[in-house]
2 protein chains.
Amino acid sequence: MGIVELQNGYEHLMTTKPRIRRNPEEARSLILTAAGKRLEEHGLRGLNIKDVADDSGIKHGTLLHHFGSAEGMRRALLAKLSEELITDMSNILNSDAAPEIVFVELFRLMSQTGQTKLLAWRALEEDSDTVSKDEIPSMHLIEDIVERVAERIKGKDVNLARNLIFLALSAAVGWGICGPTLMGTLGMTSSQQDQFPAWVGEQLTKLI
Amino acid sequence: MGIVELQNGYEHLMTTKPRIRRNPEEARSLILTAAGKRLEEHGLRGLNIKDVADDSGIKHGTLLHHFGSAEGMRRALLAKLSEELITDMSNILNSDAAPEIVFVELFRLMSQTGQTKLLAWRALEEDSDTVSKDEIPSMHLIEDIVERVAERIKGKDVNLARNLIFLALSAAVGWGICGPTLMGTLGMTSSQQDQFPAWVGEQLTKLI
DNA sequence: CCTCTTATTAACAATGATGTCAATAATATA
DNA sequence: TATATTATTGACATCATTGTTAATAAGAGG
C-alpha cells in the first residue's frame, strides 16, 4: 500500500502495486459475502458498489466487471440469500424433531436479522419481475414434507398439514419482521416474549 | 404554465407565474400523500424529494422547507403510516364482530400493499434509533382489547388472550409480507389461498 | 519462453439526489 | 393601507453513486 505513496520526485523508485488475481467464482463469492454483511448492518443503503467493493478489498470497477451493474450485484445477492433461506427452512421442516421443537426452530431461524432484512427487501422490490422465477430455487422436497406431517395427522389430512405448515411459517415471518415492535405495543414482558415461540408450537400441536 | 415559456425577446411580456400558497399543514399533507403513493408504486427508490415534489405539484425546495431534509420527510411518512396502521388494527380488534370475522379482517388489512411496504421498510431501517419512540403512537386501548378478548375465554386468562392476539397479528403480518411467495412454493391453489384467512380464524377460535 | 485471455486498476465521465440561497409573492396582522 | 411573516421558487453548489475506458499484469495454455 504505502509503497506507491512516495513523495513527488521519487516516482522512479515506485514499485508496482501487487495485484491479487482471483478466479471469477472466488471473486463473486467474496463480494456477495461482504454485500450480505452490509445488508444486515446498514440496510439497503449499504448495498452500493463502492462500499461493498471496499469491504471486499477490491475496486468497484472490478465488482462491475463481475456483476455487470449495481443491480446485477443486488439480484445475485437476493438469489443467494433466498436459496439459503429456503434450504434452512427445508432442513428444519424435514427434521425428525418433535413438532414443538420444529416450530421453535422456525421462529429462531426467522429471528435472525439477516432473514428479516431479506424478506423485507423482497417485499419492497416493487415489480415482481425484478425477481425472476429461476432465481427462486424450487422446493421439490416441500411436497414430501407436507406428506410427512400429514402422516402424523389423523386421517392423513394433507390440506390440514399444508395449512398448519403455512400458519407456522407465516407466524414465524411476522414474528421476524415486527415481533419486538408489536410485542412492545401489546405490553408483553420480555420473558413472555421469549416463551412465545414455544407457546405457538404447543398450540399448533393441539390442532394436529 | 405556458405563459413563461415565450420566445426570447419577449420577456417584457412575461406574466409572473401565479403561486399557490398553502398553509403548512395542507402542504405537508399533500406531500405525505404523494409520498405514500410513491412508496406503494415505486418502492423506496420512489421516495426521493424530487419525484415526491413533482407528484405533489410543488418544487423540491418547498418540500425541504417543510421537512428540513429528505430524511425528515421519510421519517414523517413512516410516522404517519405507522399511526394509521395501528389505528386500523385497533379498530378491527376492538370491533364487536365474531372472532372468525376479526381474523379475516386482520388478514385483509395486512394484504394491502401499502401495509406490506410499510412493515418491510421499518424492518429494513438499520438503526432502530431512526424510528424514535415518540413517533410510534402509543396503543393505550390495546390493554382494553386484551381484556375484552380475555372475557370470552374460560377463566379470563389474560396471558392467553395476549398470546392469541399476537399470534393472529404476526400470522397476518407474515401473510402480508410473503404470503403469495410462500404459498406458491408450498404448492397451494389460489382457492386454498383465499380460504386460508378464514381457516386461521376457525382454528384460533378453537384455542379460546 | 511466448502468446492469449481476462481479472484488476486508476482516472475520468455522467447522472442523480440533496441541500443552499437570495429573491419573490401571498397572506396575515397592525 | 402599510408592514411583517413566510411559503414558494429558480438557480446554483455539493456530494454520492454508477458506469466507462484504456492500460496493466496475473495466470493459463501453447
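Worth knowing before you read on, the calculation uses all heavy atoms, side chains too, and leaves out hydrogens, waters and symmetry mates. Just so we're on the same page: letters track the sequence lines, and every chain starts at 1.
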To the nearest Å, how far apart are A:R45 CZ and C:dT18 P?
-> 10 Å
Nucleotide C:dT8, atom C1' - distance to CG of A:L64 in whole Å = 13 Å
Criterion side chain to side chain donor-acceptor pair (under 3.5 Å) on B:N48 and B:D51, from CA distance to verdict | CA-CA 6 Å; B:N48 61 79; B:D51 288 337; 3.0 Å; yes
In chain order, what residues pass the salt bridge (Lys or Arg N to Asp or Glu O under 4.0 Å) check against B:D54, with sequence neighbours excluded?
-> B:K50
Atom-pair distance (CD1 on B:I49; P on C:dT20), nearest Å = 10 Å
Here the distance between atom C1' of C:dC12 and atom NZ of A:K50, to the nearest Å, is 15 Å
Near B:I20 CD1, under 6.0 Å, is it more than 12 heavy atoms from other residues, nucleotides or ligands?
-> no
Pairs under 3.5 angstrom, nitrogen or oxygen only, protein versus nucleotides 7-11 of chain D, please.
from: D:dA7; atom 1: OP2; to: B:H65; atom 2: NE2; distance (Å): 2.3
from: D:dA7; atom 1: O3'; to: B:R22; atom 2: O; distance (Å): 3.2
from: D:dT8; atom 1: OP1; to: B:R22; atom 2: N; distance (Å): 3.0
from: D:dT8; atom 1: OP1; to: B:R22; atom 2: NE; distance (Å): 2.8
from: D:dT8; atom 1: OP1; to: B:R22; atom 2: NH2; distance (Å): 3.4
from: D:dT8; atom 1: OP2; to: B:H66; atom 2: NE2; distance (Å): 2.7
from: D:dT8; atom 1: O2; to: B:R19; atom 2: NH1; distance (Å): 2.7
from: D:dT8; atom 1: O2; to: B:R19; atom 2: NH2; distance (Å): 3.2
from: D:dT9; atom 1: OP2; to: B:K59; atom 2: N; distance (Å): 3.3
from: D:dT9; atom 1: OP2; to: B:T62; atom 2: OG1; distance (Å): 3.3
from: D:dG10; atom 1: OP1; to: B:K17; atom 2: NZ; distance (Å): 2.8

Between B:D54 (CG) and C:dA17 (P), how many Å, whole number?
-> 10 Å
Who are the side chain to side chain donor-acceptor pair (under 3.5 Å) partners of A:N163, not counting sequence neighbours?
-> none
Atom CG of A:N48 and atom P of D:dA16: how far apart are they, to the nearest Å?
-> 11 Å
Please work out which of the three classes, parallel, tilted or perpendicular, describes the rings of A:W175 and A:F196, given edges at 30° and 60°.
-> parallel
CG of A:L81 to CD of A:E83, rounded to nearest 0.5 Å, is 10.0 Å
